[in-house]
Amino acid sequence: MARPEAAAAPAPALPAEFYARPVLEVARELVGCVVRHDGCAGAIVETEAYHEAEPACHAHVGLTARTHILFGPPARAYVYRSYGIHALLNAVCEPEGVGAAVLIRALEPLEGLERMRRRRGLERPEDFCSGPGKLTQALGIELELNGSDLVGGPIAIEPPPLGRPAPALIAGPRIGITKAAELPWRFCAAGSRSVSRPWPRRAA
DNA sequence: CATGGGATTGACT
DNA sequence: GTCAATCCCATGC
């Protein structure tokens, strides 16, 4: 069943079962995976986990118009507006009925660099996707993609490319939150220059 | 229906 | 280091 164009086919997206697991596992394993949208792609170098049981998670307030995506089936995108300006991309995790998601906080640009540069209006690739609001701008991800499928939808997340094994991880507290700020639910690729913020001197 | 608070970024002192 | 921009939506009257 070899398709003639198989050599150029992109890697298959991670299956829904990948996301239907404890959100901390998924947050760790997503580092090194590839996010693809609209001709651009980047390797995830930073994630954060959110779960309804802790107050920093939007789903903590229960089922509302804003959070129903988080409680829905896994492998969907949860995209919301932050500070009235930025769109932030999450992957909904855990079985349907559990409100949890992984925030994609930073990428290392891999493909579509010129398109990213145009959308970001900046020159240096390490500035394209080094933050959760930056990467959605670079990849052209907006609120209309909230609820879209991550398996076969406009946004795809693929396993780490061959020859690019999953990097060593560093864990630390999540960024920019005031509640449950002590939980070490932020995960970064060790040594990456594309993370949103440098690590404090304490290594993990 | 009015209000207040962000899972941020970029510009500025 | 500080701070404003800007809008969705949860909450409370």
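Quick note on labels: first sequence line is chain A, next is B, and so on, each numbered from 1.
Contacts with DNA chain C (heavy atom under 4.0 Å) in residues 39-75 of chain A: A:Val61, A:Thr64, A:Ala65, A:Arg66, listed by number. The stretch residues 126-151 of chain A touches DNA chain B through A:Gly131, A:Pro132, A:Gly133, A:Lys134, each having a heavy atom under 4.0 angstrom from the strand.
Between the C1' atom of B:dA7 and the CG atom of A:Asn90 lies a distance of 7 Å, rounded to the nearest Å. Rounded to whole Å, the distance from NE2 on A:His86 to C1' on B:dA7 is 12 Å. Distance, A:Leu88 CG to B:dA7 P: 9 Å, rounded to whole Å. Between A:Tyr83 atom OH and B:dT8 atom P there is a gap of 6 Å when expressed in whole angstrom units. Atom pair A:Arg81:CZ and B:dT8:C1' shows a separation of 12 Å (rounding to whole Å applied).
Under a 4.0 Å N-O distance rule, the pair A:Arg119/A:Asp38 qualifies as a salt bridge. Between A:Arg164 and A:Glu108, at least one side-chain nitrogen of the basic residue sits less than 4.0 Å from a carboxylate oxygen of the acidic one, meeting the salt-bridge criterion. Under 4.0 Å is where a charged nitrogen must lie from a carboxylate oxygen, and between A:Glu111 and A:Arg36 at least one such pair does.
Between the side chain of A:Arg174 and the backbone N or O of A:Ala180 there is at least one donor-acceptor pair closer than 3.5 Å. Counting only distance, with no hydrogens or angles, the side chain of A:His37 and the backbone of A:Leu139 share a donor-acceptor pair below 3.5 Å. Under the 3.5 Å distance criterion, the side-chain polar atoms of A:Arg120 are left unmatched by any main-chain donor or acceptor of A:Ala138.
In terms of heavy-atom proximity, A:Gly133 sits nearest to A:His86 at CA-CB, 4.0 Å.
For A:His58 and A:Tyr80, the distance between ring centers is under 6.0 angstrom.
The 5' end of DNA chain B is approached more closely, in terms of each residue's nearest nucleotide, by A:Gly176 than by the other of A:Leu122 and A:Gly176.
Taking 4.0 angstrom as the limit, A:Arg186 places none of its side-chain polar atoms (N or O) nearer than this to OP1 or OP2 of B:dA7.
Across every strand in view, B:dA2 sits in a pair with C:dT11 that passes the Watson-Crick or G-U test at under 3.5 angstrom. Remark: C:dC3 base-pairs with B:dG10. Criterion, Watson-Crick or G-U wobble with two distances under 3.5 Å.
Using a 4.0 Å cutoff to heavy atoms of chain A, the contacted part of DNA chain C runs 5' to 3' from C:dA5 to C:dT11.
In the model, A:Glu126 has no side-chain atom that pairs as donor or acceptor with a side-chain atom of A:Ser194 under 3.5 Å.
A cation-pi arrangement is absent between A:Arg76 and A:Tyr19, since the terminal nitrogen or guanidinium carbon is not both under 6.0 Å from the aromatic centre and inside a 45° cone about the axis.
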Decide side-chain contact (heavy atoms from CB on, under 4.5 Å) for A:Leu30 and A:Leu14; before the verdict, give the C-alpha distance in whole Å, the side-chain angles of both, and the deciding distance to 0.1 Å. CA-CA 10 Å; A:Leu30 276 178; A:Leu14 293 164; 3.9 Å; yes
